[in-house]
A.B. asks: 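Handing you this structure, nothing more for now.
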Amino acid sequence: MAATIRLQREPFDAASEAAKLRRGRGDIGAVVTFTGICRSDESGAPLAAMTLEHYPGMAEAEVARHVEAAERRWPLLGVTVIHRYGRLEPGEDIVLVVTAAAHRQDAFAAAEFLMDYLKTRAPFWKQVEYADRKTWVEAKSSDDALAERWTLPDGRDEAAE
Amino acid sequence: MAATIRLQREPFDAASEAAKLRRGRGDIGAVVTFTGICRSDESGAPLAAMTLEHYPGMAEAEVARHVEAAERRWPLLGVTVIHRYGRLEPGEDIVLVVTAAAHRQDAFAAAEFLMDYLKTRAPFWKQVEYADRKTWVEAKSSDDALAERWTLPDGRDEAAE
Amino acid sequence: MKLRYFAWVRERIGKPEEEIEPPAGIATVADLMTWLSRRGEEYAHAFENPKVIRAAIDRTHVRGDAAIFGAREIAFFPPMTGG
Amino acid sequence: MKLRYFAWVRERIGKPEEEIEPPAGIATVADLMTWLSRRGEEYAHAFENPKVIRAAIDRTHVRGDAAIFGAREIAFFPPMTGG
């Protein structure tokens, strides 16, 4: 299965990415699209902007590894992951995951799996700007807990190998 | 929260529905879009078309009840459900669920909940047409099992009340 | 009261709806199905396996033991396959 | 070998990358962090709580006990917050 993985500064068009996945295919019965968006406040404080730093080279490799893990785990018919970096203003898209499958539960599970892993394993770091200060976003233990849902019964993290 | 619920014969535009939910809001951090699509074969046999019959009046009420149940259960910032009826050809969209929330896990859970209930509780029936025969799709026990994930600990089906 | 039929229940009975007045003693949805299935071959065919038939009273899902007293519209249909 | 720093590790150290040649006896990622933290105040600050620092060798996540022998590029960074 050909997956699309892109890290880019530019905005993306979720609709055209989802349309590209489906085009000319009769076997797809379910498409799940997740869009992560820069909110206008963080813990109640109004946000001026968010800057995403990433580790070029490693970020692509980590995302690709997790897409491959998702493909081994669910019968997917298409996957697109786009992650932006650089400075984003409130309301702008940060990340897009699109999964396509014959059946909905595979598309949903793979999209959640990919998002949980992007949050905890892909080398991206968010810095948020308020009116008077900048601060690095702290990793949430709740995100680690979500990512652990996908650990295999024997304790292996499929994509870490 | 204003929810959009529509049952219609006409196609829908998933992208513009998702855009409508987000417009002018800074509190949305996650949008999940599920699109269900008419596949070109069912259990290996090529499909000519699918016809969706529904119970007008009850179908709207059932969908609205489940949207309200989702809103009680997760802190949602927007929900759109569009279900088509009538004759659909392979590749055409059948159903759209869009959920918006501050955090991804709420948007994902609500979208899955709504789809599981649409499959098992909303009064719609699919008839599939092959080259030489028509047949009503049988309900899948796997769909019932998925819907049961959402039963509350005390055994209540929140939306059934 | 009005009865409505959907999907293959409708096809087997041969009509989408009808007005009926069940006799006294028909208290529940299950009673009504039994009574209907004696009305002719098409009804007997539609209700031959009552366990798989779902019902709604006034557009709300009900079980077979639901009382039909006061119902304006009762619908019978197979398990739903939407979504 | 090349060292790379990201997010607040980069800010505290004051540079995004550098070439270093650790002395013999520095066998693991944890050893390297200890050695780096003695190179100056900025390093001591960056590595003051080594438990929260994550590392990658040649662009693959590793733990503190991973051997650095043969590594071309080692990166240090805080827990990731993408997505």
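Order of the sequence lines fixes the chain letters, A, B, ..., with proteins taken first and strands second; residue numbering starts at 1 for each chain.
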A.B. asks: Taking atom CD as the centre, does E10(A) end up with more than 12 heavy-atom neighbours from other residues, nucleotides or ligands that are less than 6.0 angstrom away?
C.D. replies: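 Enclosed: over 12 neighbouring heavy atoms sit under 6.0 Å from CD of E10(A).
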
A.B. asks: For the side-chain contact (heavy atoms from CB on, under 4.5 Å) test, which of W125(A), Y117(A), Y55(A), F124(A) pairs with M80(D)?
C.D. replies: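 Output: one option passes, namely W125(A).
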
A.B. asks: What is the distance from atom CZ of R65(A) to atom CZ of R59(D), rounded to the nearest 0.5 Å?
C.D. replies: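 So the CZ of R65(A) and the CZ of R59(D) are separated by 11.5 Å.
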
A.B. asks: Identify the heavy atoms of P56(A) and R4(D) that sit nearest to each other, and give their distance.
C.D. replies: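 Minimum heavy-atom separation between P56(A) and R4(D): CD-NH2, 4.2 Å.
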
A.B. asks: Would you indicate whether the side-chain heavy atoms of H61(D) and M58(A) approach each other to under 4.5 Å?
C.D. replies: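 Yes; the side chains approach each other to less than 4.5 Å.
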
A.B. asks: Heavy-atom pairs under 4.5 Å with chain A: which of P79(D), P78(D), A7(D) has the most?
C.D. replies: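 Greatest number of close heavy-atom pairs with chain A: A7(D).
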
A.B. asks: Step through the shown structure and confirm whether more than 12 heavy atoms of other residues, nucleotides or ligands are within 6.0 Å of CZ on R38(D).
C.D. replies: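 No.
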
A.B. asks: If every non-hydrogen atom of T81(D) is compared with every non-hydrogen atom of V137(A), which pair is closest and at what distance?
C.D. replies: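 Closest approach of T81(D) to V137(A): CG2-O, 3.4 Å.
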
A.B. asks: Using a 6.0 Å cut-off, check whether atom CD of E138(A) has over 12 heavy atoms from anything other than its own residue.
C.D. replies: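 Counting neighbours around CD of E138(A), 12 or fewer heavy atoms of other residues, nucleotides or ligands fall under 6.0 Å, so no.
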
A.B. asks: Do the non-hydrogen side-chain atoms of F77(D) and E53(A) ever get within less than 4.5 Å of each other?
C.D. replies: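 With C-beta onward as the side chain, the pair stays apart.
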
